[in-house]
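Sequence lines set the chain letters: A, B, ... in the order given, protein chains first and strands last, and positions in each chain run from 1. Computed over heavy atoms, backbone and side chain alike; hydrogens, waters and symmetry mates excluded.
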Amino acid sequence: MGTFIETGTVTGKANLDVFSGTLQQLAETDTDIIAVTSDSRGSGKLASFGQKFPRQIVEIGIAEQNLVGVAAGLASAGKKVFAVSPACFLTARALEQIKNDVAYSDNPVKLVGISAGVSYGALGTTHHSLHDFAVLRAIHNLIVVAPADNFETEQAIRQAAETQHPVYLRFGKKPMPLLTAEDTHFEFGKGRIIREGADIAIVATGETVYPALQAAEKLEREYHIHSTVISMHTIKPLDYNLLARVASKVGAILTVEEHSVYGGLGEACASFLLENGYHLPFKIMGIPDEYTVTGSQMEIFNHYGISENGIAEKALQLLRKK
Amino acid sequence: MSEQELARKSIHYRKKILQYIMEAKAGHTGGSLSCIDILNVLYNHTLNVSPENFTSPDRDRYIQSKGHTVEALFVVLADKGFFPETDLLTMGKYGSHYIGHPTRKVHGVEQNTGALGHGLPLSVGTALAAKMDNRPYRVFTLLGDGELPEGSNWEAALTAAHYKLDNLCAIIDHNKLQITGPTSEVCNTDPIDQKFESFGWSVRHVDGHNIQALKETFEGVPFTDGKPSLVIAHTIKGKGVSYMENEIKWHHGVPDDKQFRQAMEELNHALESAERIESII
């Protein structure tokens with residue numbers, strides 16, 4: 001946990017830029033680092049990587065099943081493979097390859113889902129990835145990670161490169177704020193406490209951690225409600241210890257994610273809490289079970305209440321103060 | 001190993017396939033019998049792979065895309081000493097690693113396969129890694145003709161040619177039958193050779209039960225420098241057992257006791273004939 005900062009005072013890069021920059025740094029000293037792309041080096045911010053390391057980038061073309069199968073073959077021969085493709089296609093079209101060639105065969109591919117959630121905004125439902133947590137959570141032997149800021153992203157890339165097992169990394173497009181001023185520790189499977197407070201815990205992941213933090217500050221400022229905010233960057237394995245600790249302290253838990261309310265972070269938390277006897281007010285915020293409204297990512301977030309005001313309002317309802 | 005010895009080995013393998021399918025009370029009988037000569041020649045002639053070098057990064061790789069005929073693979077791997085043959089008595093039984101499709105829990109298996117259309121992309125990635133690292137190994141993968149309609153095969157065929165993977169050899173066990181009927185009627189993929197050639201592969205046809213022809217064909221890989229090789233091995237589903245040959249119902253299935261005795265008699269007779277011919281030569 002780092003020193004808390006005032007919300008939004010530090011603006012970072014898009015997580016994808018951090019991804020490509022970090023991968024480039026790793027490739028400087030490790031010729032086994034390989035990026036495999038599906039005509040996505042532009043959207044994956046890998047153009048300069050490709051220019052600098054032409055022998056370490058493999059272009060597959062628009063063929064996601066083949067992308068994952070080839071990546072698994074490369075990984076089986078000792079390569080540290082980052083298979084990059086839009087999250088919606090990677091995790092739906094190539095799901096069987098992820099299940100069999102990567103996870104079941106334990107080929108340590110790093111699957112990188114770019115422009116995840118509703119990052120593609122107005123491109124519509126075909127391009128939204130609101131199912132990936134749900135389907136990938138159900139696959140054994142896969143670490144599922146959605147970093148919330150540049151620090152988490154860089155750490156996730158570096159750890160994924162060295163992990164001998166498959167990892168799914170989920171990135172959005174927009175610039176990310178830095179959530180804490182000083183960061184000391186990141187570990188897959190360990191949630192990161194961004195803010196501490198005893199009234200309510202807001203457990204968020206990926207790009208929804210920032211509006212969750214904004215909401216927490218609004219609750220503090222306007223209602224004197226003290227919130228814990230957790231970046232649950234690893235959806236699987238979920239940090240059960242942290243959840244249990246927080247559930248024993250706070251009066252309610254609100255989860256927030258850029259994913260269908262079915263099968264994602266919220267349901268993962270709910271099943272743990274209920275199965276382990278924690279009975280406290282609980283609400284899942286995410287994208288409801290419908291074809292998403294059209295608009296930019298932020299407009300869609302606002303439409304579904306994944307915003308400072310929307311999350312704060314839901315927290316107040318949960319605490320029965322409004 | 002001489003061609004005569006390999007030919008006798010194939011008959012032994014066929015007997016063992018049937019014995020273990022009887023033991024497991026399940027198995028993909030017809031396809032295992034159609035591809036066994038190919039596996040025999042690969043493991044006893046072509047591939048630089050053994051229990052001793054299996055952890056070497058330079059070993060040749062064999063990836064069985066048509067995973068359902070795992071009985072053929074297990075029998076050959078046991079014969080090569082990857083594990084004691086007695087392990088196969090547990091095939092298909094509760095808790096056994098010797099399940100109905102290849103799994104890396106079994107020593108000698110390169111990739112977990114079984115879902116169709118996966119072997120070729122995996123092989124492309126593995127062959128590409130060899131090119132990147134200037135390693136000498138080659139990758140052989142066995143596809144069923146019935147799995148060709150899977151789109152991932154054609155995606156991988158494009159990539160293999162694009163990257164000029166002449167260290168890759170795909171073999172199609174072309175027995176022309178799949179579970180529903182003739183492949184030409186289920187989804188006609190002919191002409192397979194012209195399709196692959198147009199994708200940039202170098203293609204050869206071979207009698208998939210002719211040991212000498214298989215040896216010579218595999219020795220010729222790569223058929224063309226800079227191109228991946230495709231072997232279309234013409235085979236007979238259920239080969240070696242008269243009542244199983246070209247019979248769709250033996251795609252999978254377990255003989256009854258009488259059928260099993262007949263199969264063993266036929267195979268023993270074939271073995272005696274092979275030995276007699278060998279002694280004359």
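Between B:Met132 and A:Val58, some side-chain heavy-atom pair lies under the 4.5 Å cut-off. Between A:Lys79 and B:Asp133 there is a side-chain heavy-atom pair separated by less than 4.5 Å.
Within 6.0 Å of the NZ atom in A:Lys236, the count of heavy atoms belonging to other residues, nucleotides or ligands exceeds 12. Atom CZ of A:Phe53 is surrounded by more than 12 heavy atoms from other residues, nucleotides or ligands within 6.0 Å. The 12-atom threshold is exceeded at NZ of B:Lys195, counting heavy atoms of other residues, nucleotides or ligands nearer than 6.0 Å. The environment of B:Lys105 atom NZ is sparse: at most 12 non-hydrogen atoms of other residues, nucleotides or ligands sit within 6.0 angstrom.
Using a 4.5 Å cut-off between heavy atoms, A:Gln56 makes no contact with chain B at all. Both the backbone and the side chain of A:Ala72 come within less than 4.5 Å of a heavy atom of chain B. With a threshold of 4.5 angstrom between heavy atoms, A:Val68 does not approach chain B through any atom at all.
For the atom pair CD (A:Glu59) and OH (B:Tyr163), the distance works out to 6.0 Å, reported to the nearest 0.5 Å. Atom-to-atom distance recorded for A:Leu67:CG and B:Ser152:OG is 12.5 Å, nearest 0.5 angstrom. Here the CG atom belonging to A:Leu74 is positioned 5.0 Å from the CG atom belonging to B:Leu128, to the nearest 0.5 angstrom.
Of the listed residues A:Thr31, A:Asn100, A:Asn107, the one with more heavy-atom pairs under 4.5 angstrom with chain B than any other is A:Asn107. Between chain A and the options B:Thr113, B:Thr159, B:Val124, the largest number of non-hydrogen pairs under 4.5 Å is found for B:Thr159.
No donor-acceptor pair under 3.5 Å is formed between the side chain of A:Ser105 and the backbone N or O of B:Gln111. Formation of a donor-acceptor pair under 3.5 Å by the A:Asn66 side chain with backbone atoms of B:Pro121 is not found in this model.
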Step by step, would you call B:His118 with A:Glu96 a side chain to side chain contact (heavy atoms under 4.5 Å, CB included)? CA-CA 9 Å; B:His118 289 247; A:Glu96 196 185 86; 2.4 Å; yes
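Within residues 128-138 of chain A, no residue has any heavy atom closer than 4.5 Å to a heavy atom of chain B.
Taking all atoms of both residues into account, the shortest heavy-atom contact from A:Tyr104 to B:Ile99 is OH-CD1, 3.9 Å.
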